[in-house]
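So the structure is just underneath, and the comments pick up after that.
Small disclaimer: the values here were computed from a predicted structure and weren't measured. Basis for what follows: all heavy atoms, side chains included, without hydrogens, waters or symmetry-related copies.
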Amino acid sequence: MRLPLVLIVAGLLAAAWWQRDSLMATLQPAQESKPVYRWTDAGGKVQYGDHPGAANAVQVQLKPLNIVKGASKAELAKASQPPASAATPAAPPASCEMDDVAAQARCIQAQTAPRNLALERVRQLGDQLGK
C-alpha cells in the first residue's frame with residue numbers, strides 16, 4: 001500500500017520540479033515595470049537608463065515582451081505517442097500469460113522490444129545463404 005503512495009508523491013514532486021519556473025511565475029505577483037528614459041549624451045550617443053541622465057531625457061514606453069507559450073497538455077500527449085507504423089510491434093499475445101512472473105516478463109519484453117527490420121532481414125538472408 002505504501003509503494004503506490006510513494007510513487008504518486010514522487011511523481012508529483014518530479015512534475016513540480018519540472019514546471020518550477022512556470023509555477024513560480026504563477027505564484028509571484030506581477031511586478032510593475034520601472035520607467036525607462038532615453039537621452040543623447042555630449043558625444044552624440046543615444047543612452048537609456050532607469051533614471052534621467054541628462055536634461056534632455058525623455059521617458060519612453062517599451063514594447064511588451066514577446067512571450068512564447070509552451071505546448072498544451074493535449075499536444076504533449078500527442079507528441080509522446082509513438083507513430084503508428086508497421087515496425088511497431090503489436091501487443092503481446094495471450095501466450096505470454098503464464099504462472100512464472102519472470103518468464104512472463106521476458107516473454108512480453110521480447111515481443112515488445114523495438115525491432116530493427118533491416119537487421120532482421122540481413123540475418124534472414126545470412127541464414128538462407130548459410131544453408
Expected list for residues 38-56: side-chain donor-acceptor pairs under 3.5 angstrom, two or more places apart:
{"unit_1": "Arg38", "atom_1": "NE", "unit_2": "Tyr48", "atom_2": "OH", "d": "3.4"}
{"unit_1": "Asp41", "atom_1": "OD1", "unit_2": "Gly43", "atom_2": "N", "d": "3.2"}
{"unit_1": "Asp41", "atom_1": "OD1", "unit_2": "Gly44", "atom_2": "N", "d": "3.1"}
{"unit_1": "Asp41", "atom_1": "OD1", "unit_2": "Lys45", "atom_2": "N", "d": "2.7"}
{"unit_1": "Asp41", "atom_1": "OD2", "unit_2": "Gln47", "atom_2": "NE2", "d": "3.3"}
{"unit_1": "Asn56", "atom_1": "ND2", "unit_2": "Thr40", "atom_2": "O", "d": "3.4"}

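To the nearest 0.5 Å, atom CD1 of residue Ile8 and atom CG of residue Leu3 are 10.0 Å apart.
Atom CD of Gln124 sits in a crowded spot, with more than 12 heavy atoms from other residues, nucleotides or ligands closer than 6.0 Å.
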